[in-house]
Amino acid sequence: MKSLRARLSVFLLAAALLAAGATGLLTYRNTLRENEQLFDYQLRQTALSLRDQGTAAGLPPAPGPGEEAPSVVAQIWTMNGTTLYLSHPDSGLPDRAVLGFSNVDAGNRRWRVYSMAARGRIIQVAQPLELRRDLAAAAALRSLRPLLIFAPLMALLIWLLVDRALRPVQRLALEVKRRDAASLEPLPEHDLPSEVEPVAHAINSLLGRLKLAFDSQRAFVADAAHELRSPLTALTLQLQLLSRASDAAGREAAAAQLRQGVERASRLIEQLLTAARTAPGEAPTTLARLDLAEAARQALADAWPQAEARRIELALDAPAPVAIGADADSLRILMRNLLDNAIRYTPQGGQVAVGVARRGEEALLTVDDNGPGIPAAERDRAFQRFYRGPAQAADAASTGSGLGLAIVANIAARHGALVALDDAPLGGLRVEVRFPLPAQLHPSGESR
């Protein structure tokens with residue numbers, strides 16, 4: 001049974017029927033008990049009325065043959081046992097009595113008997129138990145008729161009430177069903193029951209995240225298309241120059257420029273893919289305990305050929321291991337982008353220094369260079385995609401994709417880390433990444 005309306009209706013109807021059944025059973029038993037007490041009261045009153053008749057001659061005559069037998073049988077004796085009156089000779093009741101109420105078996109029937117002594121006589125009044133119970137049961141069943149009539153009305157009322165209570169859910173479902181991939185506006189949350197409101201709020205939260213992700217994706221695709229247009233145009237021109245070269249020297253120069261253009265386009269595509277993988281809203285990062293100092297040493301080793309080609313001196317200050325919670329691949333991408341930026345924008349023969357230390361409850365990673373740096377007024381914009389400062393654009397050979405710091409910021413955010421830009425002691429730019437220590441991680445391994 002998948003229908004919530006049907007489930008609620010069945011459960012509520014079953015609960016109502018159980019309550020009605022319990023009420024009916026109690027009513028039936030109470031009615032039986034009350035009728036038993038009423039019949040006993042009638043027996044006693046009948047005996048009292050016979051006591052007040054005075055003599056046996058004043059009593060009504062016993063029924064003759066063929067007359068309908070009364071529901072009450074009466075006998076009267078004197079104290080010495082002489083029968084004065086017997087209303088039904090064929091009843092088979094014994095000619096002795098126990099004062100008060102008692103049950104007696106006689107004449108293949110069971111009787112309810114009341115006996116009393118008054119004015120020198122013994123008065124006994126009896127009634128068949130079977131008759132009493134039949135009358136009591138009939139009265140009890142009549143008392144249950146309202147419940148039996150009420151049961152179908154109750155079922156109909158429950159169905160209508162459940163249908164009315166579920167209308168907000170139906171409206172919410174219809175509202176969601178009418179939406180398409182382009183309709184990401186929030187659902188209306190007013191006039192919703194408190195049980196349904198969290199569902200609508202959760203859906204609106206999801207729609208908000210989807211809208212943010214789609215807007216970010218559209219902006220990213222637009223920016224990527226714009227950025228790819230220039231290197232592809234340059235490659236086309238370089239191919240034309242190569243085809244028009246008239247001598248070997250010209251062809252060699254054109255081929256060298258073409259190789260540089262292909263390398264720049266390859267790096268841009270690689271950075272675009274990396275930026276897409278690390279964009280906000282992607283799958284959460286699973287953190288493991290890693291040594292930040294060892295990761296920095298490995299990153300420097302990977303960057304050594306690039307630095308050697310530009311005669312840039314690399315230095316590492318990591319005197320002790322510093323454990324952090326991080327994803328190994330993401331941390332490698334973060335460090336690679338930091339070192340690539342520092343090496344790319346540092347003049348030939350310059351210096352790049354990497355530091356790893358523990359500062360309070362944080363692990364600090366610093367990358368310093370003696371390049372042109374970024375003006376303080378431009379540093380907030382430096383984390384935007386495809387941002388290039390004036391100093392970066394001045395040298396075409398060192399111009400990057402403008403995605404390095406954006407990728408670093410995305411990865412840091414997924415690790416619960418903070419990124420800041422400052423002036424480096426070497427005279428250029430310092431990039432600081434502050435990671436929370438593992439003690440500040442959730443037991444599941446994800447950062448707060």
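We're numbering straight along the sequence, starting at 1.
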Task: Matching residue for Leu43 among Leu48, Leu38, Val125 - test: side-chain contact (heavy atoms from CB on, under 4.5 Å) - done: Val125
TODO: Taking all heavy atoms of Ile324 and all of Ala363, pick out the closest pair and write down the distance.
DONE: CG2-CB, 3.4 Å
Open item on the list: Using a 3.5 Å distance criterion without hydrogens, assess whether the side chain of Trp111 forms a donor-acceptor pair with backbone atoms of Ala106.
Closed with: yes
Open item on the list: Contact between Arg133 and Asn35 at the side-chain level, heavy atoms closer than 4.5 Å - yes or no?
Closed with: no
Open item on the list: Using every non-hydrogen atom in the two residues, find where Gly360 and Leu437 come nearest and quote the distance to one decimal.
Closed with: O-CD1, 3.9 Å
Task: Those residues that, when tested against Gln298, pass side-chain hydrogen bond (donor to acceptor under 3.5 Å, both in side chains) (two or more places apart) - done: Asp302
- [ ] Write down the atom of Leu316, the atom of Ala296, and the distance for their closest heavy-atom approach.
- [x] CD1-CB, 4.0 Å
Task: All side-chain hydrogen bond (donor to acceptor under 3.5 Å, both in side chains) counterparts of Asp369, not counting sequence neighbours - done: none
Open item on the list: Could you tell me if the side chain of Val354 sits less than 4.5 Å from the side chain of Thr366, heavy atoms only?
Closed with: no
- [ ] State the CG-OG distance between Leu290 and Ser330, to the nearest 0.5 angstrom.
- [x] 10.5 Å
Task: Those residues that, when tested against Ala420, pass side chain to side chain contact (heavy atoms under 4.5 Å, CB included) (two or more places apart) - done: Arg434
Task: Closest heavy-atom pair and its distance - Ala412, Leu334 - done: N-CD1, 4.2 Å
Open item on the list: Could you work out, with salt bridge (Lys or Arg N to Asp or Glu O under 4.0 Å) as the rule, every residue matching Arg297, not counting sequence neighbours?
Closed with: Glu294
TODO: Using the side chain to side chain contact (heavy atoms under 4.5 Å, CB included) rule, take Arg110 and Val104 through it: C-alpha gap first, then chi angles, then the decisive distance, then the call.
DONE: CA-CA 6 Å; Arg110 191 167 180 81; Val104 176; over 6 Å; no
TODO: With the side chain counted from C-beta on, respond yes when Gln124 and Val113 share a heavy-atom pair under 4.5 Å apart, and no when they do not.
DONE: yes
- [ ] Report yes or no: does Ser49 contribute a side-chain atom to a donor-acceptor pair with the main-chain N or O of Thr46 at less than 3.5 Å?
- [x] yes
Task: Derivation of the side chain to side chain contact (heavy atoms under 4.5 Å, CB included) call for Leu364 and Glu432 - done: CA-CA 7 Å; Leu364 178 64; Glu432 289 186 353; 4.1 Å; yes
TODO: Specify the closest pair of heavy atoms between Ala293 and Val356, including all atoms of both residues, with the distance to one decimal.
DONE: N-CG1, 3.9 Å
- [ ] Rounded to the nearest 0.5 Å, what's the gap from CD1 on Ile411 to CG on Asp329? Could you check?
- [x] 10.0 Å
Open item on the list: Under the rule for side chain to side chain contact (heavy atoms under 4.5 Å, CB included), what residues qualify as partners of Thr78, not counting sequence neighbours?
Closed with: Asn80, Thr82, Leu84
TODO: Taking side-chain hydrogen bond (donor to acceptor under 3.5 Å, both in side chains) as the test, write out the residues that go with Glu130, two or more places apart.
DONE: none
Task: Side-chain donor/acceptor of Asp340 to backbone N/O of Arg336, under 3.5 Å - done: no
- [ ] Begin with the C-alpha distance, continue with both residues' side-chain angles, and end with the deciding distance and a verdict on side chain to side chain contact (heavy atoms under 4.5 Å, CB included) for Arg112 and Phe39.
- [x] CA-CA 9 Å; Arg112 179 68 169 173; Phe39 291 145; over 6 Å; no
Open item on the list: Among residues at least two apart in sequence or on other chains, which ones pass side-chain hydrogen bond (donor to acceptor under 3.5 Å, both in side chains) with Arg109?
Closed with: none
Open item on the list: So does Ala323 get a backbone contact from the side chain of Asp291, meaning a donor-acceptor N/O pair under 3.5 Å?
Closed with: no
Open item on the list: Just so I know, are the side chains of Val352 and Val367 near enough to count as touching, which here means a heavy-atom distance under 4.5 Å?
Closed with: yes
TODO: Check side chain to side chain contact (heavy atoms under 4.5 Å, CB included) between Asn204 and all other residues, then give those that pass, not counting sequence neighbours.
DONE: Pro186, Leu187, Glu189, Leu207
Open item on the list: Using the side chain to side chain contact (heavy atoms under 4.5 Å, CB included) criterion, which residues pair with Leu160? Sequence neighbours excluded.
Closed with: Leu156
Open item on the list: As an exercise, state the distance from CG of Asp327 to CD1 of Ile333, rounded to the nearest 0.5 Å.
Closed with: 8.0 Å
Task: Minimum side-chain heavy-atom gap Leu292-Met335 below 4.5 Å - done: yes
Task: Pairs meeting criterion salt bridge (Lys or Arg N to Asp or Glu O under 4.0 Å) with involvement of residues 8-37, two or more places apart - done: Glu36-Arg132
Open item on the list: Between Val72 and Gln42, is there a side-chain heavy-atom distance shorter than 4.5 Å?
Closed with: no
Task: Short side-chain to backbone donor-acceptor contact, Arg379 and Ile374, under 3.5 Å - done: yes
Task: Shortest non-hydrogen separation from Leu405 to Val431 and the atoms involved - done: CD2-CG2, 4.5 Å
Open item on the list: Would Asp40 and Tyr114 count as a side chain to side chain contact (heavy atoms under 4.5 Å, CB included) here? Give the steps.
Closed with: CA-CA 8 Å; Asp40 285 347; Tyr114 178 75; over 6 Å; no
Task: Set of ring pair (Phe, Tyr, Trp, His ring centres under 6.0 Å) partners for Tyr41, sequence neighbours left out - done: none
Task: Any Phe435 side-chain heavy atom under 4.5 Å of Glu362 side chain - done: no
Open item on the list: Could you measure the distance from the CH2 atom of Trp77 to the CD1 atom of Ile123? Nearest 0.5 Å is fine.
Closed with: 10.5 Å
Task: Side chain to side chain, His415 and Leu287, heavy atoms closer than 4.5 Å - done: yes
Open item on the list: My understanding is that only one of Asp423, Asp422, Asp368 makes a side-chain hydrogen bond (donor to acceptor under 3.5 Å, both in side chains) with Arg430; could you say which?
Closed with: Asp368
